[in-house]
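Just the heavy atoms: all of them, side chains too, but no hydrogens, waters or symmetry mates, feed the values below. Throughout, residue positions are numbered sequentially from 1 according to the sequence presented.
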Amino acid sequence: MTGPLVPFREVVLKVHSRCDLACDHCYVYEHADQSWRTRPKTISDEVIFRTAQRLAEHAKTHALPSVSVILHGGEPLLAGPARLRRICEELTTAFDGIAALDLRIHTNGLQLSPRYLDLFSEYDVKVGISLDGDRAANDRHRRFADGRSSHPLVLKAVELLRQERYRHLNLGLLCTIDIENDPVAVLDALTELEPPLIDFLLPHATWDDPPPRPDGSPTAYADWLLAVFDRWQERGRPVPVRIFSSVASTLGGGPSLTESLGLAPTDLVVVETDGRLEQVDSLKSAYEGAAATGFDVFAHAFDEVAAHPGVRARQLGLEGVSETCRRCPVVRSCGGGLYTHRYRSGGTGEGFDNPSVYCHDLAALVRGIEARTPADTVAPEVAGPAELLAAQEDLTRTLLARLHADLDGRGGERWARAWELAAVLEGSQDGVRGLDGVLAHPYTRTWLLDALNALHEDRAEAASGAADGLQTLLAAATVRAGLDLRVPAPYRDGALVLPTLGRLTVAGPGERGTVLVRAAGDGFLAGSAAGPSERRIRRSAAAGPGWLPVRRFPLPGSPSPDHGFVIDDLDPYRDCFGAPAAATLDGAGATRLGDALTEAWALIEERAPAYGVRSTDGPLTFTPLDGVAPGEPSVGRHGYGALGIGADENAGTLALTLLRGVRRARFRALVDVADLYAADGSWEHRMPWKEELVPFSRLLAAAYERLALAAFDPRYRDGVPQALDTLEGAAELTVGGKRLLALMRKEF
């Protein structure tokens, strides 16, 4: 099997191989593998020592930041406080200075007492307790061998963990599902105990030994869980539920939060009481020896176990599931189900290359949770222009905050004073308006990304460059806000460029320095820090001696003069498109380009009005480029709203440029702030108009763009319906992507 070795980050350490309960659904004692009968009851000192040393060696080899060790059984508390202390001591000592150690214990709770919890508090051992619901539900399986109820003792353990002095150790409750139990009663009983987490577990089963389905329903377990979900929603989601959180995460493009769902590679190994190293414990439900590797902690390193074919088979992600699962659109969420639940012996499909025995349940659960998620709470940026602009501004502000944090004082006095000024601007309504206007400028994002890259590459000029950029940005924000504050602004090569405003020549070529800038009337004053004289500049003035403003044009038919476009051939960060930025246009050249863009917009309004003025989310910034193909816009590394275009295109060509560019820019802006797809590249899809196999992201972007072109020119309609059908059935599509796809279908 190919692919890099996945190190173990989670270890189940069997500290006692017997149990004080006789649960009839236990995979250790009641299922196919009966190897527990030959294991020592309690883990020995030698196994503890060798496990700690091997595991610390593994963490050091792979530079793991942390490792989780789960003390397990049987019933681990039967090992006794002294043995558990020895385990904690050995592991803590071995990991000292190598990696963080996350110690946990999973118990039935019957033996739990303050003596154990004081020990666990000393070593920060988190405690998870198994409880199947109210007394009736719990007693269906979790009884003593003589039939007595375990419920009162488990409740006593849970109440002990809820005490203030032990609450920090509470890991939550593990509940094995039995569809004979009332789902509402089970949830209510568990939530009344106020656990930090509830983990519902499907009972272990295989195709040879399928789960009970009293009414024969192929979705009985999904129906039970969805009844729990509905009650959970009704009660305001009082407690996190891992399986629901995991499905919601994967539907939104995030990771799975549990081993039993999703495509993340397994990173878990089991150490038995005799030191044998085994695969995930649930495999004991498949057949005798299914979990065995032939390795032990005395003679083998954890890397050898990680390379075992059985372990590698559970690290293949999408390639590790059956062909049926690979073609299923919910596979990202269910992951083909727990590996054990895929097992079938003999005949066609022998082994684990099958869908889960819970296949229909998992599909119904995923679709049921998706259907119960209100559309307006999913990726609001997809449907709302205001939400998209707000999310983009939040992203820029986040990058600015990250730059401040990463500088960590290295910006010196200039950065510190500029940061204080930013706080002053944030403290007034006019100041916020001015700052928002500059943060929305697409090339502010380019400056931030350049500054962060310079800092992380440890360039000599990184800190001073960051301070220069922030001072210039704040000078422009102050002018836009109309605030009478003198702000130092650095200039280079004799020119001061104020983002969104224009360029002022203040010295000769090659010279650099600082001027003080402050708002004045409809413009600003710029003067030397060393002298009292100031030059007055009107922001709206046409090009004059030393001053060249950013050229602004209204959009045809726009109700607001602010809703237009600008030609920015001045900003020093505009060279971010892959093609070189053209030289600054002279007055006549800027007028010609502005007229051509205005005519192109008018043409779009005539042929495809839905993609004209109404399709723009805010002001557009056009930057002339050299060497770009006619009709092909460039969307570069910057914030939302900027397009690189040819400087000499005619109106007809520019109309296609605008249609393509606005859609490409908006799609890229959506991808910046919303998860529209996941696992991109895992499958290939046919692009109908090119008869080409492409990744999902490329097909979605191309279809999104082609819809606008089809409205302008019907020839582009060919292949769009087929593309939309392909996208709708794809596994990569998230709930946010589905919302976008629904809007795309309405457009068509």
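Side chains of Leu448 and Leu400 form a contact here, defined as non-hydrogen atoms less than 4.5 Å apart. Between Arg663 and Leu709 the shortest side-chain heavy-atom distance does not fall below 4.5 Å. Side-chain atoms of Arg312 and Val6, non-hydrogen and from C-beta on, never get closer than 4.5 Å to each other. Between Thr250 and Val366, the closest side-chain pair of non-hydrogen atoms is not below 4.5 Å. Looking at heavy atoms from C-beta onward, Leu362 lies in side-chain contact with Leu202 at the 4.5 angstrom threshold.
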(request) Decide side-chain hydrogen bond (donor to acceptor under 3.5 Å, both in side chains) for Thr258 and Ser246; before the verdict, give the C-alpha distance in whole Å, the side-chain angles of both, and the deciding distance to 0.1 Å. (result) CA-CA 7 Å; Thr258 172; Ser246 182; 6.0 Å; no
(message) Would Phe696 and Trp683 count as a ring pair (Phe, Tyr, Trp, His ring centres under 6.0 Å) here? Give the steps.
(response) CA-CA 7 Å; Phe696 180 88; Trp683 295 265; 9.2 Å; no
(message) With side-chain hydrogen bond (donor to acceptor under 3.5 Å, both in side chains) as the criterion, how do Thr396 and Arg445 come out once you've worked through the C-alpha distance, each side chain's angles and the decisive distance to 0.1 Å?
(response) CA-CA 6 Å; Thr396 299; Arg445 180 86 56 83; 3.0 Å; yes
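The side-chain contact (heavy atoms from CB on, under 4.5 Å) with Arg745 is formed by just one residue from the set Leu724, Leu707, Val720; it is Leu724.
Between the CG atom of Leu676 and the CZ atom of Arg739 there is a distance of 12.0 Å, given to the nearest 0.5 Å. Here the OG1-CG distance, from Thr621 to Asp571, works out to 9.0 Å after rounding to the nearest 0.5 Å. Atom CZ of Phe200 is separated from atom CD1 of Ile177 by 7.0 Å, given to the nearest 0.5 angstrom.
Between His638 and Tyr573, the ring centre distance reaches or exceeds 6.0 Å. Annotation: Tyr343 is not in aromatic contact with Trp207 [ring centroid separation under 6.0 Å not met]. Residues Trp224 and Tyr221 place their aromatic rings such that the two centres sit no closer than 6.0 Å. The distance between the ring centers of Phe712 and Tyr611 does not fall below 6.0 angstrom.
The residues Arg213 and Asp361 are annotated as salt-bridged, a charged nitrogen and a carboxylate oxygen being separated by less than 4.0 angstrom. Using a 4.0 Å cut-off between charged nitrogen and carboxylate oxygen, Asp718 and Arg706 do not count as a salt-bridge pair. Ion pairing between Arg344 and Glu350 fails under the 4.0 Å rule for side-chain N and carboxylate O. A salt bridge links Arg698 to Glu692: one of the charged nitrogens lies within less than 4.0 Å of a carboxylate oxygen. Classification of Arg231 and Glu234 as a salt-bridged pair holds, one side-chain N sitting under 4.0 Å from a carboxylate O.
A cation-pi arrangement is found for Arg717 relative to Phe748, the charged atom lying closer than 6.0 Å to the ring centre and inside a 45° cone about the ring normal.
The nearest pair of heavy atoms linking Gly661 to Leu643 is O-CD2, 3.3 Å.
Not counting sequence neighbours, the partners of Arg397 by the side chain to side chain donor-acceptor pair (under 3.5 Å) test are Glu393, Glu426, Asp436.
Ring geometry for Phe667 against Tyr704 counts as tilted: the plane angle lies between 30° and 60°, on a 0 to 90° scale. Between Tyr339 and Phe352, the ring-plane angle classifies as parallel under the 30° and 60° cut-offs. In this pair, His441 and Tyr443 present their aromatic rings perpendicular. The plane angle is above 60°, beyond the 30 to 60° band.
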